[in-house]
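Both ligands and their constituent atoms are indexed starting at 1 by order of listing. Remember, predicted model here, so these are calculated numbers, not experimental data.
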Amino acid sequence: MTERPRPHLAVVGAGPAGLAATLAAARHGVRVTLIDAAPEAGGQFYRQPAAGLKALRPQAPHHHRPGWLRLRDGLDRELEAGHVVHLRDRHVWFVERRPEGFTVHALLGPEQERPQEVRADAVLLATGGYEKVLPFPGWTLPGVVTAGGAQAMLKGGLVLPGRTAVVAGTGPLLLPVATGLAAAGARVAALVESAGPRAFVRRSPALATRPAKLAEGARYAGQLLRHRVRTLVHHTVVEAHGDRRLEAVTVAALDAEGRVRPGTRRRLDCDTLAVGHGMLPHTDLAQGLGCRVDGVAVHVDDEQRTDVPGVWAAGEATGVGGADLALAEGHIAGRSAAARLSGSQPDPRDWARAAGTRAGLRRFFAAVDEACAPPAHWAEQVTDDTVVCRCEEVPAGAVRRAVTELGAGDVRTVKLLTRAGMGWCQGRMCGPAVAGLTGCPETAGSRPFARPVPLGVLARAGGDDESRSERRSGQQSEHQ
Ligand SMILES: Cc1cc2nc3c(=O)[nH]c(=O)nc-3n(C[C@H](O)[C@H](O)[C@H](O)COP(=O)(O)OP(=O)(O)OC[C@H]3O[C@@H](n4cnc5c(N)ncnc54)[C@H](O)[C@@H]3O)c2cc1C
């Protein structure tokens with residue numbers, strides 16, 4: 001008797017969520033194509049040193065190595081069994097829904113210029129999130145990097161961004177960044193967190209539900225003490241100074257309303273400022289498919305299904321909550337997809353443990369997210385000449401004038417009037433800043449494509465089925 005062919009799932013993103021989903025689906029009868037822009041699996045949390053660096057101790061800058069090894073070994077087994085194909089260095093720019101299934105459009109090559117298509121019965125989006133950074137005078141100076149960027153240099157490139165660092169902003173990511181830089185030999189002059197202790201105390205019932213997470217926080221606090229890192233809570237960076245590059249930052253205490261307290265400014269010498277104000281989900285591919293987005297995150301049901309049939313989403317694309325939550329959501333999504341693609345009704349008891357973890361961590365991180373909101377009056381520190389949109393070099397004054405003098409009432413009109421958000425990153429970086437400066441609500445920006453696409457690729461991707469199939473004979477295309 002011939003075996004029924006396995007249904008085919010395309011998973012976009014090989015971070016914790018995508019890996020957990022891939023393993024769960026592959027172990028339950030699905031053929032998976034795992035597609036990721038990075039050269040190695042792992043995503044942000046399990047980012048590995050570049051292979052060419054031949055790291056002697058690749059584990060040194062990493063946390064949770066046993067968890068990573070379990071995922072990596074599991075992936076290797078499924079690759080060997082032929083249940084999974086891992087496509088690296090593929091930047092997915094669009095997922096197309098067609099009557100017979102889905103076509104994932106990706107670009108590969110150093111210039112992301114070579115197109116590749118993957119066709120599948122269903123799609124699982126595990127594209128993670130990216131850092132939010134709010135502007136302040138001097139934030140465009142060389143030496144100012146995002147907190148995650150500093151960590152990526154260390155984890156992926158095994159280099160320090162500088163000798164003396166200040167780590168600033170808000171959110172739990174600052175802890176591994178500050179301790180990681182200090183452990184790797186940088187002098188961390190200060191960890192500047194804008195949230196105050198009261199914000200956490202007020203949310204202690206929700207926070208106390210995850211003692212393991214609190215213990216993790218305590219371990220980081222111990223490491224900060226050991227490395228003599230000064231921690232300034234309820235403080236913010238108000239300015240970065242330097243002539244050609246960063247030389248120092250001014251920090252100040254905040255009052256209960258989130259305003260800078262007069263007379264508290266102090267200057268800290270440093271050559272690196274690693275700054276981040278939280279995380280935002282990647283929603284472009286989901287929006288391109290027409291999936292519902294709630295606020296800034298992809299909406300999913302208890303099985304991690306979006307409201308578009310055949311499309312699942314997991315991990316930080318559906319809301320920011322750390323690697324353990326991403327793993328739990330990925331597992332549930334993979335199990336659900338496997339059951340539904342094989343035509344059976346999923347049984348939630350199959351993932352009861354993961355669902356418990358998911359519920360607990362969502363509650364915990366909702367409380368952390370509220371506690372770690374950027375200071376309410378951060379925009380007051382942004383001088384009119386501070387560049388807000390770096391791609392198009394639009395200063396804060398122009399953004400403000402678009403509202404006060406030209407009558408713009410939403411971010412889109414501000415963009416049309418000023419070009420803020422019209423450049424290479426399509427407002428991913430400056431979107432929250434423009435919203436904050438103008439008082440407009442922060443929403444997931446709607447972009448037709450997740451990545452910049454060469455016009456030639458776009459032209460070839462259009463057209464009807466007949467011309468497509470003619471082209472396919474000549475074009476590099478993957479149909480699995
Ligand atoms: C810069 C950064 C640093 C972080 N550091 C820490 C840390 O030290 N400790 C901690 O607890 N948490 C950290 N986090 C949070 C942590 O990354 C997440 O909790 C966890 O990794 C989320 O897992 P995920 O699978 O949802 O997404 P990710 O780990 O972000 O994985 C998403 C994957 O999708 C791929 N991808 C995205 N879009 C596309 C596309 N269009 N085409 C192809 N591939 C795509 C990416 O290359 C990536 O590999 C960090 C987050 C960021 C953004």
Sub-4.0 Å heavy-atom contact, G322 with ligand 1: yes

Other residues, nucleotides, ligands: >12 heavy atoms within 6.0 Å of R245 CZ: yes

Sub-3.5 Å N/O-N/O distance, Q44 and ligand 1: yes

CG (D294) with more than 12 external heavy atoms under 6.0 Å: yes

L173 contact mode with ligand 1 (heavy-atom cut-off under 4.0 Å): side chain

Close-contact set for ligand 1 against Q151 heavy atoms, below 4.0 Å: 3 (C), 4 (C), 5 (N), 6 (C), 7 (C), 8 (O)

Proximal ligand 1 atoms for A17, defined as those under 4.0 Å from one of its heavy atoms: 25 (O), 26 (O)

N-O pairing of E96 and R119 below 4.0 Å: no

Ligand-residue contact atoms, ligand 1 with G315, heavy atoms, under 4.0 Å: 26 (O)

A37 N/O under 3.5 Å from ligand 1 N/O: yes

N or O contact, A317 vs ligand 1, cut-off under 3.5 Å: no

Distance in Å, R451 CZ paired with R90 CZ, rounded so as to fall on 0.5 Å steps: 14.0 Å

Geometric cation-pi criterion K213 and F365, 6.0 Å radius, 45° cone: no

Option of least heavy-atom distance to atom 22 (C) of ligand 1 (set: E40, K155, E316, H282): E316

For V298, the option from V311, T127, L285, T283 that meets side-chain contact (heavy atoms from CB on, under 4.5 Å): T283

Subset of ligand 1 atoms that lie under 4.0 Å from at least one heavy atom of P176: 7 (C), 8 (O), 9 (N)

R451: numbered ligand 1 atoms lying under 4.0 Å from its heavy atoms: 38 (N), 39 (C), 40 (C), 41 (N)

Mutual orientation of the aromatic rings belonging to W93 and H105 [parallel < 30°, tilted 30-60°, perpendicular > 60°]: tilted

Ligand-residue contact atoms, ligand 1 with A326, heavy atoms, under 4.0 Å: 22 (C), 23 (O), 26 (O)

Candidate with minimal heavy-atom separation from atom 23 (O) of ligand 1, of P16, A14, G15: P16

R390 NZ/CZ over W139 ring centroid, <6.0 Å and within 45° of normal: yes

For ligand 1, the portion of A126 having any non-hydrogen atom under 4.0 Å away: backbone

Ion pair R447/D284, N-O distance below 4.0 Å: yes

Heavy-atom closest pair, residues A10 and I35: CB-CD1, 4.3 Å

Sub-4.0 Å atoms of ligand 1 with respect to non-hydrogen atoms of G13: 33 (C), 34 (O), 35 (C)

Under 4.0 Å to a heavy atom of R90 - the qualifying atoms of ligand 1, by number: 42 (N), 43 (C)

